[in-house]
Amino acid sequence: MDHGTERAGQGTVTEPAEPGRVPLAVVVVDRDGLVSHWSRGARRLFGVPKDEAIGRTALDLLPVSGALPDDRDTIPYPAGDGLGPDLESSLEGGLSYPAAGRARLTASGDGRVDVLWWAYPLVGPGPGRLLVLAADAGGLRAGDGAFERIAPGFALHTDFPGAEDLARRLPEILPSMSVGESARIVAQVLELGYPILEFSQNDRVPVTPDWGVARRAERKARRERAARALAAGEPLPADLRDEGEDLEYAAVRERLEFLNEVSGRIGTSLDLSRTIVEVSRAVVPRFTDVAGTYLREQVVAGEGFEDGVPDTTTMWHRVALEHTDEPGRWDDVVPVGEAMPFPADTPFFQCMTSGEPVLVPRISEEMGHAIAAQFDKRDIRPLITGRSMLVVPLKARNVVLGFMILLRHPERPVFNDMDRVTGAELAARAGLVLDNARMYTFQENVAETLQDSMLPHIPPRMAGCDIATRYLPGTLLGRVGGDWFDAVKLHGGRTALVVGDVMGHGLNSAAMMGQLRTAVQTMAGLDLPPAQLLRNLDDLAQRLGDTYLATCLYAVYDPIASELHLANAGHIPPVLVRAADGRSELLDLPTGAPIGVGGVPFEAIRVRVEPGDRLVMCTDGLVEVRGEDIGVGLATLCESAAHPAASMDDACDTIIRALAVTFSEAGRGGRKDDVALLMARLSGIEPDDVAEWRLALDPAEVSRARAAVREQLHDWGLAKLVAPAELMAGELVTNAVRHSHSRPVALRLVRGDTLLCEVDDDDHELPTLLSAGPLDEAGRGLRVVSTLSREWGTSRTTSGKTVWFELTLPRR
């Protein structure tokens, strides 16, 4: 292709085109119809020098009209509707979109010349109005030479690679223009889809602009006229009615695309707070400029509420506010978190009671004043007056959960009926997502309440030990789990320490945890040995069903014998921190199988401890993170448990922080499972605080028992407790001597946080509290004990039974 350019200041040059190249005429016509650019190719094709062409009327220089050559089958002709528009009409300004055609002109000396032409309207600040390209059709016939390839590519509608070539080479054929003007024309060619022209000997392709593009450009202008008429509420002229229908169809399609987009952006989680923010942000600014979301008080609290229509007493919480105004403009006037009712004469009340959208095209001064009256000492009128408002209900299963207040700036088109339909559909989808999140939150709250009710409130001090506990709900895997801990008071000043973990999460796991914990408490009260207790617990789990498994660690601390008696059912081992040297160790226990497996034996071991030693028991959620070796967590647990701490609570917090840091540094993120942690400082009971006697099976021993109790309490400085303790000890020894078979009766006093008195015998039948009549000779002993003691109880032992009572120590 020969661009045929001519440098400024050069004379007319009439050299022929190079072999194999086709001269391309490039002409720019200004707004007055005068030629403002005339290329060397134009001089060759039309025979007029540049200096004669510039400033002349284009119609005088291009006197062409439509023509149909005889050999059209061998010449690449424009595709589309015949010859397309006449070039003459294009030059007269009757064209507003790209066009192409074929024409015939009479040249001096050699008759007629068939011309292919393309005309491109130009817009913008420059003088050019029309870009005309033309070529000799005869030069495009097949021949021996190879023609340079110039391909049609429409940048706006295709990814044809020729578009980049056009951007690079079009300024080369417009050299006499300024760089800015050339760049402007290039930009328009690319933006509007003007073609690059391409011929070759072996590839004959149509060389016309995309007539679809042309029609779309014209249709765009018609649609703009129709849109302005529709927006102004004017009837459409007959020639624009089709465009009006197209606009309505396009608007519906746009709304559907918007709703699909919103649906994809909301409901990404079941977290209620996050869902609220997603719903608010999905509509600003595309659909509205301000979006305020209000929910029922019970929805925010995660509680249930009765069905029915809201009334003027219903409290609504403002849970989110998104807007495009300057930052902070709304924060002080309508802060998030505020709760308020709405009067019956407001659009908000109408929306929440009818469950239908309420459209206010413009908020009047009167309505703005009425709405502002609900806000004490805050003038909201400047924020709402003059704006278009749409109030849409957030409902699910025909129950209104809340509503959204949507506002548009005064300069933006007001909400219309189509917006009302769109808002209703948007609210329906948002309401369903919010209801799912609400129900999930409600279930979580129910499970947490159930779990909290099942977790014990352990006193910080029990016989011979101090106790601290922590329960941490899960994060990503579900906040409610089956982890639990417990401490059960046993006779003889002993304490049972328990930690367990039901596998799984959710309400069912929490319920299963409650059943197992209750069973452990009951069996611990029967003073079953640890291995036997786990055996019975496993049998119970089998009877409850095989849906769940659980791990359990059970330890009994005897502060008098300074001993731990432990058994394990598939749980991680406890850590024992020695007070003497601060050394910590994982106790090596027989692992055992989890509760619920069935048919597996459990073993128990005894471990000697010293006063001040600490026992740490926890669930695997504290030391195990997916993708990390549990050995790393256990090592960190041992190290952090040995760290000195000011208190038991501080020691627990130190362990939790250390494990969190370890997994964070390992790049494993935070924990996901729930955690139960129990720490006991084993203080023990000194030998001087324990007194024991062996009594023969002789009624005379009752008097000796009373005297021994009286003397010991005086020695301990507990004279105030002598009378009740002597009386109750005598009653228990009397019963024991009467019912014992062969073994001597044992009497023991223990001074700890309370005064404990225990009487052992070899009779396995437990005494019961009876109601004695006026003439009955028996049945009053336990009644006296029950009345005077702080607490009392009975339990079976391997050799018989123990009956005990406690008295509160007097304040010093």
Inset, instruction - Please list, chain by chain and in numerical order, all residues satisfying side-chain hydrogen bond (donor to acceptor under 3.5 Å, both in side chains) with Glu692, sequence neighbours excluded. - result: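 In terms of side-chain hydrogen bond (donor to acceptor under 3.5 Å, both in side chains), with neighbours along the sequence ignored, Glu692 is linked to no residue.
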Inset, instruction - Please name all residues satisfying side-chain hydrogen bond (donor to acceptor under 3.5 Å, both in side chains) with Thr808, sequence neighbours left out, ordered by chain then number. - result: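 Partners of Thr808 by the side-chain hydrogen bond (donor to acceptor under 3.5 Å, both in side chains) criterion, ordered by chain and then number, come out as Arg790.
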Rounded to the nearest 0.5 Å, what separates atom [atom1] in [X] from atom [atom2] in [Y]?
{"X": "Leu677", "Y": "Met617", "atom1": "CG", "atom2": "CE", "result": "10.5 Å"}
{"X": "Asp674", "Y": "Met513", "atom1": "CG", "atom2": "CE", "result": "8.5 Å"}
{"X": "Asp689", "Y": "Glu686", "atom1": "CG", "atom2": "CD", "result": "6.5 Å"}
{"X": "Leu659", "Y": "Leu622", "atom1": "CG", "atom2": "CG", "result": "4.0 Å"}
{"X": "Cys618", "Y": "Leu553", "atom1": "SG", "atom2": "CG", "result": "9.5 Å"}
{"X": "Trp792", "Y": "Leu732", "atom1": "CH2", "atom2": "CG", "result": "9.0 Å"}

Answer yes or no: is there an ion pair linking [X] with [Y], defined by an N-O contact shorter than 4.0 Å?
{"X": "Asp763", "Y": "Lys801", "answer": "yes"}
{"X": "Asp761", "Y": "Arg743", "answer": "no"}
{"X": "Asp653", "Y": "Arg470", "answer": "yes"}
{"X": "Asp613", "Y": "Arg578", "answer": "yes"}

Hey, does [Y] have a side-chain heavy atom less than 4.5 Å from the side chain of [X]?
{"X": "Leu528", "Y": "Asn536", "answer": "yes"}
{"X": "Thr469", "Y": "Met679", "answer": "no"}
{"X": "Cys757", "Y": "Trp804", "answer": "no"}
{"X": "His565", "Y": "Pro530", "answer": "yes"}

Legend entry - Over all atoms of both residues, closest heavy-atom pair of Thr495 and Cys465: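 Scanning both residues completely, I find the closest heavy atoms to be OG1-SG, 4.1 Å.
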Do side-chain atoms of [X] reach the backbone of [Y] as a donor and acceptor pair under 3.5 angstrom?
{"X": "Ser640", "Y": "Leu637", "result": "yes"}
{"X": "Gln542", "Y": "Gly596", "result": "yes"}
{"X": "Ser786", "Y": "Leu782", "result": "no"}
{"X": "Thr619", "Y": "Ala676", "result": "yes"}
{"X": "Tyr554", "Y": "Val520", "result": "no"}
{"X": "Asp762", "Y": "Ser742", "result": "yes"}
{"X": "Glu297", "Y": "Met315", "result": "no"}

Inset, instruction - Could you name each residue pair satisfying salt bridge (charged side-chain N to carboxylate O under 4.0 Å, His left out) that touches residues 715-735, not counting sequence neighbours? - result: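 Pairs touching residues 715-735 that pass the test: Arg710-Glu726.
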Legend entry - salt bridge (charged side-chain N to carboxylate O under 4.0 Å, His left out) partners of residues 675-684, not counting sequence neighbours, each pair once: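 Residue pairs passing salt bridge (charged side-chain N to carboxylate O under 4.0 Å, His left out), neighbours aside: Asp466-Arg681.
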Legend entry - Option from Asp760, Thr797, Thr794 for which side-chain hydrogen bond (donor to acceptor under 3.5 Å, both in side chains) with Thr802 holds: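 Testing Thr802 for a side-chain hydrogen bond (donor to acceptor under 3.5 Å, both in side chains) against Asp760, Thr797, Thr794 leaves exactly one candidate, Asp760.
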Legend entry - Whether over 12 other heavy atoms sit under 6.0 Å from His643 NE2: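 No, because the 6.0 Å sphere around NE2 of His643 holds 12 heavy atoms or fewer from other groups.
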Inset, instruction - Please list, chain by chain and in numerical order, all residues satisfying salt bridge (Lys or Arg N to Asp or Glu O under 4.0 Å) with Arg535, sequence neighbours excluded. - result: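 Partners of Arg535 by the salt bridge (Lys or Arg N to Asp or Glu O under 4.0 Å) criterion, ordered by chain and then number, come out as Asp538, Asp539.
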Legend entry - Side-chain donor-acceptor contact under 3.5 Å, Asp483 with Tyr471: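 Not at all, the side chains of Asp483 and Tyr471 share no donor-acceptor pair under 3.5 Å.
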Legend entry - Side chains of His491 and Asp527, donor plus acceptor under 3.5 Å: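 Looking only at side-chain atoms, Asp527 and His491 do form a donor-acceptor pair, the distance falling under 3.5 Å.
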Legend entry - Any pair counted as side chain to side chain donor-acceptor pair (under 3.5 Å), so long as it reaches residues 590-604, sequence neighbours left out: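 Checked against side chain to side chain donor-acceptor pair (under 3.5 Å) - neighbours excluded - no pair reaches residues 590-604.
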